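Only a predicted model underlies this, so the values are computations on that prediction, with no experimental measurement involved. We're numbering straight along the sequence, starting at 1. No hydrogens, no waters, no symmetry mates; every other heavy atom, side chains included, goes into these values.
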Amino acid sequence: MDIENSNRFLTAFNRIDHRLRDIIGAKDFMPFYRLIDQAKKKDVLVRKYEDDLRTYADLRNAIVHHRTSLEYVIAEPHIDVVERIEYIEETLAKPKLVGQMFRKKVLAFQETDSLKQVLKVIRRRKYTQFPVYDKDQFKGLVTTVGITNWLATVMVGNQIPKEVPTLHDILLHEKNRVNYKFVSRYITIYDAEDIFKQGVERGSRFEALLITEHGKPHQKLIGIVTPLDIVKVD
């Protein structure tokens, strides 16, 4: 029997075992299931792939404990399983960072800028989130929802006011004023996904994650992540 699949599977499994030990700083032997229990508290990727890892632990036991010779194994993994565990091992070892995936020049505005400038960008580029500053100080995130809220508030009958507001005025109509979070460019895209999920669970949905070197608001904005961006990432 060709045992290449089982050997590839065991190699990836052992590397995952070492990775889990590194995550929790384990020095002594610990069963794989306990490694998962401890590591998932510290690493979002372990939580993401927990069910897969537990299934692979059962398969690993079947391969190792029932192997009667180097040429014979009772459970030979299907190639799809092998490729899946190798993908998980690679992802755990080198997770993609938001600074790698979403670093780009961000279009930001001053709070004294006119809404008219933002509307032109919406029409041309279809953007929906706009960081707003007072010189170098971050003031908030204007969104298309906030613009709609402002419009609904100031309309008199069917009439739209002729006076065009500044972005400072629009910020006052953002229903959730803290609709953003600053993050370091070194967090993984899976951590970013988890931040969005936690926001929804807590009833404070984030419209965007703003990327700086170390996640500090006073640092230069070097990228932005939206919920839609995360959905598009495998």
Side-chain angles (χ1 to χ4, degrees), residues 95-234:
K96 298 174 182 175
L97 306 181
V98 295
Q100 297 170 323
M101 291 287 296
F102 302 109
R103 187 183 184 113
K104 58 186 176 183
K105 184 176 181 180
V106 181
L107 186 60
F109 291 87
Q110 291 292 309
E111 65 174 354
T112 53
D113 288 338
S114 168
L115 172 61
K116 191 177 296 185
Q117 295 171 260
V118 168
L119 293 177
K120 289 179 180 178
V121 175
I122 294 174
R123 181 175 61 188
R124 186 171 68 253
R125 301 191 184 182
K126 311 302 180 186
Y127 291 171
T128 57
Q129 297 95 357
F130 306 92
V132 178
Y133 287 79
D134 176 12
K135 296 181 181 178
D136 293 330
Q137 183 179 4
F138 182 78
K139 303 301 291 186
L141 189 72
V142 160
T143 67
T144 50
V145 173
I147 295 171
T148 303
N149 289 339
W150 166 81
L151 184 60
T153 301
V154 300
M155 281 185 65
V156 179
N158 294 323
Q159 299 298 314
I160 299 176
K162 294 181 179 180
E163 184 179 349
V164 180
T166 64
L167 296 188
H168 171 78
D169 300 319
I170 303 300
L171 280 175
L172 297 177
H173 289 83
E174 289 291 343
K175 185 175 181 180
N176 178 12
R177 293 300 303 281
V178 187
N179 55 359
Y180 59 88
K181 184 178 178 66
F182 280 90
V183 298
S184 165
R185 71 182 183 94
Y186 300 104
I187 73 166
T188 72
I189 60 175
Y190 309 100
D191 289 316
E193 180 182 22
D194 198 50
I195 291 171
F196 280 122
K197 288 181 179 179
Q198 289 181 20
V200 172
E201 291 171 358
R202 294 170 182 169
S204 56
R205 181 177 183 272
F206 293 123
E207 297 292 339
L209 303 183
L210 305 174
I211 306 170
T212 61
E213 182 71 14
H214 298 294
K216 305 299 183 182
H218 66 272
Q219 294 176 325
K220 181 182 178 181
L221 196 57
I222 58 176
I224 186 169
V225 191
T226 69
L228 183 59
D229 292 329
I230 288 296
V231 170
K232 293 178 179 178
V233 174
D234 182 13

Are Leu115 and Trp150 close enough that some pair of their side-chain heavy atoms sits under 4.5 Å apart?
-> yes

Do Thr226 and Thr128 pass the side chain to side chain contact (heavy atoms under 4.5 Å, CB included) test, and can you show the C-alpha distance, the side-chain angles, and the key distance before you say yes or no?
-> CA-CA 9 Å; Thr226 69; Thr128 57; 5.5 Å; no

Short question: side chain of Glu207, backbone of Gln129 - any donor-acceptor pair under 3.5 Å?
-> no

So Val132 and Leu171, side chain to side chain contact (heavy atoms under 4.5 Å, CB included) or not? Walk me through it.
-> CA-CA 9 Å; Val132 178; Leu171 280 175; 4.1 Å; yes

Stepwise side chain to side chain contact (heavy atoms under 4.5 Å, CB included) test for Phe138 and Leu210 | CA-CA 11 Å; Phe138 182 78; Leu210 305 174; 3.5 Å; yes

Which distance, rounded to the nearest 0.5 Å, do you find between the NZ of Lys135 and the CD of Glu111?
-> 10.5 Å

With no hydrogens and no angle check, is any side-chain donor or acceptor of Ser184 less than 3.5 Å from a backbone partner on Glu213?
-> yes

When you measure from the side chain of Gln198 to the backbone N and O of Ile195, does any donor-acceptor pair fall under 3.5 Å?
-> no

Would you mind reporting whether Thr188 and Glu193 have side-chain heavy atoms less than 4.5 Å apart?
-> no

If you measure only the distance, is there a donor-acceptor pair under 3.5 Å linking the side chains of Glu174 and Thr143?
-> yes

Any side-chain heavy-atom pair from Tyr133 and Leu221 closer than 4.5 angstrom?
-> yes

Has the side chain of Gln100 got a donor or acceptor atom that lies under 3.5 Å from a matching backbone atom of Leu97?
-> yes

Mind listing the closest non-hydrogen atom pair of Phe182 and Gly215 along with its distance?
-> CB-O, 3.4 Å

Of all heavy-atom pairs linking His214 and Gln219, the shortest is N-OE1, 2.8 Å

Would you indicate whether Arg123, at its atom CZ, is surrounded by more than 12 heavy atoms from other residues, nucleotides or ligands within a distance under 6.0 Å?
-> no

Minimum heavy-atom separation for Ala192 to Ile230, with atom names?
-> CB-CD1, 4.0 Å

Would you say the side-chain atoms of Asn149 pair up with the backbone N or O of His173, donor to acceptor, closer than 3.5 Å?
-> yes

Smallest separation among heavy atoms of Pro131 and Leu141, with atom names | N-CD1, 3.6 Å

Least distance between heavy atoms, Ile189 atom then Met101 atom | CG2-CG, 3.7 Å

Heavy atoms only: give me the nearest Phe206-Phe196 pair and the separation to one decimal.
-> O-CE2, 3.5 Å

Could you give the distance from CD (Gln117) to OG1 (Thr166), rounded to the nearest 0.5 Å?
-> 10.5 Å

Asp191 backbone acceptor or donor facing Asp194 side chain under 3.5 Å | no

Which class fits the ring pair Tyr127 and Phe130: parallel under 30°, tilted 30 to 60°, perpendicular over 60°?
-> tilted

Going by the side-chain contact (heavy atoms from CB on, under 4.5 Å) test, name the single residue among Asp113, Ile147, Leu172, Thr112 that passes it with Leu167.
-> Asp113

